[in-house]
K.L.:
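Have a look at the structure that comes next, please.
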Amino acid sequence: MSSLGSPIQHRPSVASPFLYQLSAGERELDIVMLDHGYARPWSTHPDASHAKPAKCLFVPRTLRLRTDRTIIENESNIDVVKLVAPNPVAYDVVKARTVMNECERHVNFVRAGMQEPITDDNWEEKLNKTGWTSGQNKLFNKIIKILSGDRLARLTYEGTSNEPVMRRIHLDKCAKRFRQTMSAIAWDTKTTTWLHTVLVNNLSLTLLTIYLDVLQTLKCKVPSLIDKMIHFSSTMHRGSGTTVEALNLLLKRPWDPAISTLNQHKAKKLPNSPLLLLTPSSAQHQSQSQSRRMKFWHSQLSNMGKVVPVTMHVSSGGSGVTLSQCLEHMIGAVKSKILELKSQYTNRPIILIGWNVGALVACQVALTDIVSGVVCLGFPSMGIDGIRGMVEDPLLDSKIPTLFVIGQDSSVSNQDDIEDIREHMKAETSLVVVGGADEFLRMSRTKKKLEGLTQSMVDRCIQDEMFEFLHSVLTSTPSPKTEKPATTESESSKKKDKKKKVQRDLIGDLRGTPGSSKHSASQSSMGQVSSFLFQIMFKLSMNILT
């Protein structure tokens with residue numbers, strides 16, 4: 001225990017799921033909640049069995065009125081020689097360093113035609129700036145400042161245990177700044193072609209390696225702009241066509257420190273082989289490509305079950321289509337897909353998964369169509385008409401088990417609003433809060449540096465929580481053939497005796513049997529009592545009047 005009041009965090013074994021390796025502290029029991037019932041959340045009450053307690057991923061447990069000052073006694077000895085053992089990482093460090101240095105190993109292929117090497121000391125002296133305009137000088141200086149900043153960051157984390165993750169985080173920051181700088185000139189073809197040629201031919205090997213890493217990162221996000229820049233600059237490049245082909249092959253493989261570990265330790269299959277139906281969040285154009293993160297999500301979800309995406313394309317750029325019409329089209333597309341899957345796969349459960357607006361579409365469809373579960377990623381609790389969960393909100397009438405996953409820093413929802421919705425919902429619900437994440441469940445760069453994570457690791461932790469929720473739903477939901485539980489012999493005999501007794505009473509009333517005479521006698525006695533009470537009340541009222 002490092003400081004007073006901080007919990008002891010135990011690292012689990014390597015064989016445990018990926019989530020336990022990253023956020024073991026989130027799974028520990030809170031001592032305060034064990035001793036004091038009033039400190040527990042409302043969802044832990046037995047009457048709130050439909051709402052499971054909320055789970056927090058990478059959210060620090062801070063106590064109120066707690067200072068960050070560490071109290072050190074005067075007689076305590078501080079060891080300044082012994083090194084503190086670093087926490088184990090949740091990925092293969094050897095493989096991560098191999099893919100991390102890929103651009104550095106192949107940087108010489110970009111300058112295959114150049115004989116004299118360019119070092120870090122003399123590259124600026126050999127650079128010829130004759131004929132450059134003021135705009136070109138300004139753009140070049142901005143790019144060099146961005147690349148130099150990433151170089152300093154690499155020197156800072158060089159040799160550390162978590163170097164691949166920290167380099168990946170700073171490289172994403174460098175690529176973002178490079179993209180913003182190029183957007184300021186509207187990615188002008190002539191200017192970008194000139195800049196790429198100057199950087200490739202004159203940068204030192206260290207800065208050129210960083211530049212290639214930046215191009216490799218942006219190739220996944222804006223592939224058309226990067227391809228155009230490289231294509232037009234190939235005619236002015238000093239190397240041959242083989243050099244350009246080698247550069248294109250290098251840029252097609254963006255690296256991630258944990259991707260090899262995630263591919264090796266895949267998620268398990270869900271029971272009953274469910275169909276994971278991905279609801280659309282908006283209308284898509286036919287030429288619009290899928291992002292790299294969504295491809296990663298699809299590949300990971302395919303390990304749990306069969307992924308069935310629902311896409312809705314629009315013609316002529318969506319002109320003449322209102323928002324309400326687009327929403328109706330999305331809901332209709334999901335409903336028609338459900339009918340198609342039910343006719344094709346009769347005995348397989350269907351799970352609806354949606355992002356943001358797609359989560360609202362999934363909840364709306366679940367009100368009318370029978371599905372096994374709903375997963376709402378980045379569920380927006382605030383809309384145009386106000387906060388969801390009011391008395392007339394149809395979401396409260398849903399009876400389908402629902403999982404809500406929101407970001408701690410989301411701009412369209414917060415934990416308190418989701419908890420209010422869950423408290424009034426009739427269905428079984430669960431909530432997962434991702435620390436430092438926005439409405440798209442993207443963790444901020446500062447939070448990733450603090451936790452030592454990449455976005456792929458965060459996404460895998462969310463997927464583990466989805467697996468746990470869906471596994472409990474699919475195993476607890478009875479099959480259609482066993483919806484009515486079989487009654488025991490004693491219960492059936494009691495029901496038969498009760499039915500016969502009711503039949504005998506009815507027959508006795510009709511035929512005038514002793515059972516009916518008893519019933520009539522009791523009725524006559526009740527009539528006499530009521531008449532006696534009426535006479536007493538009448539006399540009292542007369543006395544009061546007189």
K.L.:
Does the side chain of Y157 reach to within under 4.5 Å of the side chain of R167, using non-hydrogen atoms?
P.N.:
no
K.L.:
Between L352 and I338, is any pair of side-chain heavy atoms under 4.5 Å apart?
P.N.:
yes
K.L.:
First locate atom CG of L301, then atom CE of M466, and finally report the distance between them rounded to the nearest 0.5 Å.
P.N.:
5.0 Å
K.L.:
Any donor-acceptor pair under 3.5 Å linking the side chain of N272 with the backbone of P274?
P.N.:
no
K.L.:
Start with the C-alpha distance between V405 and E465, add both sets of side-chain angles, then the distance that settles side chain to side chain contact (heavy atoms under 4.5 Å, CB included), and finish with yes or no.
P.N.:
CA-CA 9 Å; V405 184; E465 289 292 344; over 6 Å; no
K.L.:
Would you call K176 and D172 a salt bridge, using N to O less than 4.0 angstrom?
P.N.:
no
K.L.:
Using a 6.0 Å cut-off, check whether atom NZ of K145 has over 12 heavy atoms from anything other than its own residue.
P.N.:
no
K.L.:
Would you say M330 and V334 make side-chain contact, with heavy atoms under 4.5 Å?
P.N.:
no
K.L.:
Once rounded to the nearest 0.5 Å, what's the spacing between atom NZ of K228 and atom CD1 of I226?
P.N.:
11.0 Å
K.L.:
Any non-hydrogen side-chain atom of Q364 less than 4.5 Å from a side-chain atom of V361?
P.N.:
no
K.L.:
Could you tell me if the side chain of F467 sits less than 4.5 Å from the side chain of Q300, heavy atoms only?
P.N.:
no
K.L.:
Quick one: closest heavy-atom pair of I351 and S372, and the distance?
P.N.:
CD1-CB, 3.8 Å
K.L.:
Step by step, work out the side chain to side chain contact (heavy atoms under 4.5 Å, CB included) result for F58 and Q408.
P.N.:
CA-CA 10 Å; F58 313 110; Q408 186 183 18; over 6 Å; no
K.L.:
Using atom types as modelled and distance alone, determine if a side-chain donor or acceptor of S430 lies under 3.5 Å from a backbone N or O of E428.
P.N.:
no
K.L.:
Looking only at heavy atoms, which two atoms of S273 and P349 are closest? And how far apart?
P.N.:
O-CD, 4.3 Å
K.L.:
So, the side chain of D417 versus the backbone of S413: is there a donor-acceptor pair under 3.5 Å, distance only?
P.N.:
no
K.L.:
Flag yes if more than 12 heavy atoms outside K342 fall under 6.0 Å of its NZ atom; otherwise flag no.
P.N.:
yes
K.L.:
Would you say NZ of K142 has more than 12 non-hydrogen atoms from neighbouring residues, nucleotides or ligands within 6.0 angstrom?
P.N.:
no
K.L.:
State, with a plain yes or no, whether a side-chain heavy atom of K173 is found less than 4.5 Å away from one of K449.
P.N.:
no
K.L.:
Nearest heavy-atom pair of P394 and L367: which atoms, and what distance?
P.N.:
O-CD2, 3.3 Å
K.L.:
Please round to the nearest 0.5 Å and tell me the distance separating atom OG1 of T181 and atom NZ of K138.
P.N.:
11.0 Å
K.L.:
Tell me, yes or no, whether the heavy-atom count around I370 atom CD1, taken from other residues, nucleotides or ligands under 6.0 Å, exceeds 12.
P.N.:
no
K.L.:
Between T322 and S324, do the side chains contain an N or O donor and an N or O acceptor separated by less than 3.5 Å?
P.N.:
yes
K.L.:
Assess whether atom CZ of R177 is packed by more than 12 heavy atoms of other residues, nucleotides or ligands within 6.0 Å.
P.N.:
no
K.L.:
To the nearest 0.5 angstrom, please state how far the CD atom of Q290 sits from the NZ atom of K295.
P.N.:
6.5 Å
K.L.:
Under the side chain to side chain contact (heavy atoms under 4.5 Å, CB included) criterion, do V458 and E451 qualify, and how do the steps go?
P.N.:
CA-CA 10 Å; V458 178; E451 299 288 345; over 6 Å; no
K.L.:
Among residues at least two apart in sequence or on other chains, which ones pass side-chain hydrogen bond (donor to acceptor under 3.5 Å, both in side chains) with T217?
P.N.:
R168
K.L.:
Kindly compute the distance separating CH2 (W255) from CG (N101), expressed to the nearest 0.5 Å.
P.N.:
8.5 Å
K.L.:
Has the side chain of D92 got a donor or acceptor atom that lies under 3.5 Å from a matching backbone atom of T261?
P.N.:
no
K.L.:
How close do N414 and S381 get, heavy atom to heavy atom, and via which atoms?
P.N.:
N-OG, 3.9 Å
K.L.:
Is the closest basic N to carboxylate O distance between K219 and D227 below 4.0 Å?
P.N.:
yes
K.L.:
Please test N162 against V93 for side chain to side chain contact (heavy atoms under 4.5 Å, CB included), starting from the C-alpha separation and ending with a verdict.
P.N.:
CA-CA 8 Å; N162 206 17; V93 181; over 6 Å; no
K.L.:
Has the side chain of E340 got a donor or acceptor atom that lies under 3.5 Å from a matching backbone atom of S336?
P.N.:
no
K.L.:
Is the shortest heavy-atom distance from the side chain of L396 to the side chain of K426 under 4.5 Å?
P.N.:
no
K.L.:
Would you call L215 and H196 a side-chain contact if the rule is heavy atoms closer than 4.5 Å?
P.N.:
yes
K.L.:
Closest approach of A175 and L218, non-hydrogen atoms and distance?
P.N.:
O-CD2, 3.7 Å
K.L.:
Any chance you could measure I210, atom CD1, to D150, atom CG, to the nearest 0.5 Å?
P.N.:
4.5 Å
K.L.:
With distance as the sole test, does T454 use its side chain to make a donor-acceptor pair with the main-chain N or O of V165 at under 3.5 Å?
P.N.:
no
K.L.:
Quick one: does any side-chain atom of S281 pair with a main-chain N or O of W355 as donor and acceptor, under 3.5 Å?
P.N.:
yes
K.L.:
Distance-only, no hydrogens or angles: does the E439 side chain make a donor-acceptor pair with backbone N or O of S410 under 3.5 Å?
P.N.:
no
K.L.:
So, are E468 and K52 salt-bridged, with charged N and O less than 4.0 Å apart?
P.N.:
no
K.L.:
Looking at every heavy atom in both R293 and F440, which two are closest together, and how far apart are they?
P.N.:
NH1-O, 2.9 Å
